[in-house]
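In what follows, chains are A, B, ... by sequence order, proteins preceding strands, each numbered from 1.
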Amino acid sequence: MDIFILQVLNALFYASILYLIASGFTLIFGVMGIANMAHGSFYAVGAFVTAWSLGFLQSRGVEPWLLVFFLPLGAIAVAILGMLIEPILLRPFYQRAHEYQLLLTFGVLLIIEDGIQMIFGSDPLLVDMVIAPFGSLQIFSFRYPNYNFVVIGTGLVTAFLLWALMYRSRFGVVLRATSQDMRMASAMGINVGKVYVLAFGIGSFLAGLGGAIIVPTQTAVVGMGLEALIIAFVVVAVGGIGSQLGALIGALLVALVRTAGVHFVPEIELAVLFLIAVGVLLWRPTGLLGNAP
Amino acid sequence: MLALDNIETFRGPAKILHGISMKIEEGEVVAIVGRNGAGKITTMESIIGLLRVKSGQISFRGENITRMSAHSIARRGIGFSPGDCGLFSSLSVQENLEIGRWHADPKRIDKMADGDTLEKRVYSVFPEIEGFKRRNSLKLSGGQRKMVAISRAMYLCPSLLLIDEAFEGLAPVVISRFRDALKKIKEMGITLLMAESNFSNASLVADRVYVLDRGEVLYEGKPKDAMNDPRVKKILQG
Amino acid sequence: MIIKIGAIKNVAQSKLFVISLLIALVLGALPFILGTYQTLLLAYGLIFAIAGLGFNLLLGYTGLLSFGHAAFFGVGAYAVAFAARDLGIKNMELLLLTGILSTFFLSVIFGIFCSGLTRIFFAIMCLALSQVVWVLSNKLYSITGGSDGMSVKWPSILWFDEYSGSGAFHRFIFDYYYYVLVIFCIMVTLMWLLCHSPFGKVLQAIRDNETRAQFVGINIKKCRFISFVISGSLTGLAGTLWVPLTGHITPESLHWPFSGEILFLTLLGGFQNFSGPIIGGIAFTYLKAYAVASTPYWQFVLGVALLLIVIAMPRGIVGLFSSLIARFTSRSERG
Amino acid sequence: MTLLETINLKKSFGENVVVNDVSFNVDDGEVVSLVGPNGAGKTSLVNLLSAYLTPDHGQILFKGRDITSLSVSERIKIGIARSFQIANLFDELSALDNISLSISARSGKTYTFLSLADRDTGVQNEAGNILSLFGLDDKSNIPAKELAQGERKLLDVAVAYALKPSFLFLDEPTSGVSTRDKAKIMDTISSAVRNEGVTAAIIEHDMDIVFKYSDRIVVIADGRIIADGPPENIRDDKDVISVIMGSQGNEV
């Protein structure tokens with residue numbers, strides 16, 4: 001029983017991170033039709049920037065409980081990065097075939113992956129000092145760090161905010177209109193360029209946030225972005241690309257499968273995960289909640 | 001109100017407009033008529049900034065709008081209803097309509113006569129929309145889609161409305177309905193510029209026509225005199 | 001009228017034939033001028049050209065972007081390694097056969113899963129399947145050597161047997177280069193025929209307009225499947241040829257970034273052209289070799305190069321040159 | 001002789017019934033026009049007959065055989081082809097290749113791998129003949145995407161025609177075409193179809209064209225057939241004309 005609860009909590013924790021990454025990926029794909037290959041690297045940048053800046057602030061004597069408020073630094077940095085990349089690098093190529101955007105973002109991926117090493121070095125970074133101030137909760141026989149609940153909560157709150165943004169705000173209507181027909185949207189007075197920058201910024205922010213809140217519990221290591229990207233692919237493939245609810249459900253499913261996989265078939269848990277993606281795609285090519293465009 | 005001066009526009013490598021000049025006065029209904037590929041749609045897309053104009057100048061109420069982005073042109077009060085309607089199918093009809101209102105210049109809305117709200121005005125053109133405004137725009141017939149497209153452009157509170165192929169694909173029974181609607185829009189003091197491949201439909205509503213052929217203006221004047229020009233007659237009737 | 005078009009095409013085709021023959025002769029003469037290392041690089045280039053040719057049958061002609069072609073390349077290479085280690089095969093022809101058969105079966109399996117999908121869904125399916133293979137190669141340590149990989153000795157080529165003693169490296173590279181060159185020429189010819197055959201036209205038709213292809217009575221799924229199997233097998237052949245030259249295989253060549261590199265080289269050359277991936281394969285080999293040699297941050301260099309290529313020559317090297325040639329000829333015609 | 005027959009064909013999308021209990025038949029060699037207001041269900045009917053949609057209810061018989069469950073490609077094999085309302089072409093391929101593709105698909109050459117397509121003189125000549133039949137012979141090497149709208153519509157019909165169907169559906173072959181080109185396109189199509197004795201069903205809005213080119217007119221409104229007969233009868237039927245043309249029909 002204890003193990004079961006622990007595993008469920010771990011799955012929820014993991015699902016929250018996956019959701020943050022995948023929702024950003026699916027948002028960018030939904031609005032601009034770009035499968036952002038650098039999205040996982042955005043997640044890694046979020047983790048590294050947060051880890052580095054918290055480390056720096058701590059060395060300047062900032063109290064651990066204060067450091068918590070600086071966690072979003074990584075996410076903000078990534079949002080800025082995204083809002084620079086979209087207009088400078090991607091915008092000139094929207095008229096061209098999708099392959100070019102894929103290739104451009106693949107180039108960004110290569111640059112970021114090595115750039116992280118150049119800037120932060122290849123030593124792993126960890127900022128676990130922010131976990132302690134939150135304390136922990138006694139659940140049956142084990143203590144569970146309260147910080148993990150913060151991560152789970154962040155995922156839930158983000159899901160709610162994104163839903164409200166998409167379906168309960170004017171910006172959401174504008175976003176949905178632009179994603180469908182950007183030419184017509186601009187003829188209706190919508191500043192498509194602004195919408196794109198914002199959408200790309202929000203999508204990048206979400207990936208960065210995922211990296212920022214995971215770095216107190218896991219070290220930021222070189223290559224973490226590559227794995228994140230592939231898992232995000234699986235999440236959106238399962239959930240349905242372009243669908244926010246799909247990203248949420250996909251994240252939960254993938255997290256549960258992986259947690260169970262690590263428990264029961266640790267050797268090939270990743271293979272099981274990919275096979276599930278294969279199965280879902282065979283059954284419903286557009287994912288569980290995707291609709292054929 | 002709107003003046004095109006020697007406009008040249010390319011579509012990819014192909015030069016479509018070879019120096020088009022037009023003048024449209026306040027309150028007029030003008031139709032651009034021509035065969036397919038003559039440059040009607042290209043002219044419209046050049047005006048609203050969806051296509052980049054290579055040379056020449058377009059001015060709207062004395063302001064040079066030649067290389068402005070489409071959204072800033074729209075916000076200056078030029079509405080557009082495309083031939084394929086261009087409805088946002090992931091939005092409801094109502095959301096489709098509202099998008100226009102959010103980007104309309106409030107100054108223009110304020111100028112409207114007392115008691116005449118934008119909403120009332122739009123719905124007076126096609127009151128039928130009230131009946132299906134909650135529906136998803138995918139589930140509309142061709143005629144309904146055209147109604148929504150025109151009304152949506154009306155929500156921008158435009159002083160100039162561009163309608164591409166207002167009557168294309170409409171059954172004859174619906175055409176007369178649309179003709180009345182266009183007259184109503186004209187009575188509101190909105191200038192209309194239409195692109196039509198069917199000359200007889202165009203002559204139903206237009207005060208003046210421009211006949212285009214191969215990206216050049218061939219004729220300009222009253223519709224009833226157009227057929228006196230042998231070149232126009234040849235183009236429009238074969 | 002029709003006969004005239006045919007005549008023009010015949011002239012163009014015989015011109016193409018002469019040019020190709022000249023290029024083949026130059027490629028054949030190069031090892032006598034270049035050093036061993038350069039010959040080795042060129043052999044790698046030809047191998048990646050074959051991989052790109054296979055990849056582009058899907059991307060350029062069928063309109064499907066695979067993000068899992070590393071699986072075919074890697075499995076071709078692993079099949080050679082297994083055959084050499086476990087079956088003791090030393091003969092390159094037999095190794096080739098093993099590699100091609102394995103990748104053929106793999107692409108049939110992948111093809112069954114993938115040929116019903118298009119666009120991003122196809123890409124993700126290929127990715128997921130290839131990742132399964134990658135995970136297995138990593139985890140089945142006792143068979144594959146895990147992340148350490150496996151080494152492969154120099155095989156015997158045709159009747160040339162032992163490569164040992166002094167100068168063996170040079171002799172092997174020299175001989176193997178010609179081995180690769182001959183296979184390369186055969187494959188280019190076959191693929192050129194395929195792309196210009198009725199079936200090639202059918203693939204392009206499906207790429208252009210799936211609905212209409214269905215309405216002229218084409219079995220779309222079947223054609224995509226055949227294209228997929230040919231494409232996968234050809235990329236697998238490249239992997240098979242590649243492994244004796246590196247002498248070592250690790251799961252890296254099954255991992256998705258390697259699929260990204262195959263895409264990279266195809267677009268570098270230009271995917272709207274038959275010759276694009278050929279040029280791209282060779283150019284990419286040199287680009288990567290020099291980047292790796294000059295800095296530990298070679299990925300960074302490749303990334304920057306990639307961005308520059310996309311921005312400066314969006315239609316790839318071949319596209320750039322053909323538009324330059326077109327501009328030059330139209331100018332000289334006018335002048 | 002009856003070539004095609006539908007029995008109580010029905011199709012609905014949600015609560016919206018687009019084809020409601022339609023039974024009619026077409027004789028061998030006839031040219032039938034389907035007319036009616038927008039949203040009457042004409043295109044849906046053609047979609048059902050060409051297997052683009054599956055009916056909820058009812059049967060389709062072709063040469064007396066039930067073909068309701070046959071797929072698109074199976075219906076093409078037995079000789080049912082169609083053209084599209086919005087020209088649906090292989091845009092990157094030349095006009096000639098668009099046609100030769102149809103021909104080689106028809107003659108079972110799809111799976112020919114290692115011979116050059118443009119050396120197949122049989123296919124090339126036939127494709128050239130069809131192009132000139134449709135007046136497109138000077139466009140044979142131009143990619144379909146660079147053709148003018150009217151030419152695209154003609155090529156769309158020609159691609160279907162090249163399948164040598166015994167029954168051809170034409171979905172608004174003149175929509176989006178200027179008044180002047182309409183007659184030319186219809187003359188071309190009509191002579192091609194009648195010379196080969198192909199049975200054709202045409203969806204069309206322009207009543208002048210309908211009256212001029214068809215042997216029989218089927219009027220559809222709200223998913224039902226409301227009139228069926230030769231052009232003279234339809235023209236004289238005031239009720240039917242008012243449905244199609246509206247109350248101001250005479251004025252238009």
Subject >> Exercise: do C/N209 and D/D91 side chains pair donor with acceptor under 3.5 Å >> reply: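 Absent: no donor and acceptor within the cut-off.
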Subject >> Toward chain D, the part of C/I218 with a non-hydrogen atom under 4.5 Å >> reply: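 For C/I218, the contact with chain D is made by the side chain alone.
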Subject >> Region of C/I226 in contact with chain D, defined by heavy-atom distances below 4.5 Å >> reply: side chain
Closest approach of [X] to [Y] (non-hydrogen atoms, all atoms of both residues):
X      : Y      : result
D/E92  : C/D208 : N-OD2, 2.6 Å
D/L163 : C/V216 : CD2-O, 3.5 Å
C/Q204 : D/L93  : OE1-CD2, 3.6 Å
D/I76  : C/Q214 : CD1-O, 3.4 Å

At what distance, to the nearest 0.5 angstrom, does [atom1] of [X] lie from [atom2] of [Y]?
X      : Y      : atom1 : atom2 : result
D/F84  : C/F215 : CZ    : CZ    : 4.5 Å
C/R212 : D/L101 : CZ    : CG    : 10.5 Å
D/L114 : C/T189 : CG    : OG1   : 10.5 Å
D/T112 : C/L194 : OG1   : CG    : 11.0 Å
C/K201 : D/L116 : NZ    : CG    : 9.5 Å

Original post:
Looking at D/S115, D/S104, D/S73, D/S102, which has the largest count of heavy-atom pairs under 4.5 Å with chain C?
Top reply: D/S115
Original post:
If you tally heavy-atom pairs under 4.5 Å against chain C, which of D/S132, D/A51, D/S50, D/S71 wins?
Top reply: D/S50
**OP:** Can you tell which part of D/A160 gets under 4.5 Å to a heavy atom of chain C, answering side chain, backbone, both or neither?
**Re:** both
**OP:** Heavy-atom distances under 4.5 Å only: say whether D/D120 touches chain C with side chain, backbone, both or neither.
**Re:** neither
Original post:
Got more than 12 heavy atoms from elsewhere within 6.0 Å of CZ, D/F24?
Top reply: yes
Subject >> Backbone of D/F113 reached by a side-chain donor or acceptor of C/S197 within 3.5 Å >> reply: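 Pair found, side chain donor or acceptor close to backbone of D/F113.
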Subject >> Cation-pi geometry met for D/K109 and C/F199 (6.0 Å, 45°) >> reply: no
**OP:** Using a 4.5 Å cut-off on heavy atoms from C-beta on, say whether the side chain of D/R119 contacts that of C/H196.
**Re:** no
Original post:
So do C/V202 and D/F90 actually touch side chain to side chain, heavy atoms under 4.5 Å?
Top reply: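 Not touching, per the 4.5 Å side-chain cut-off.
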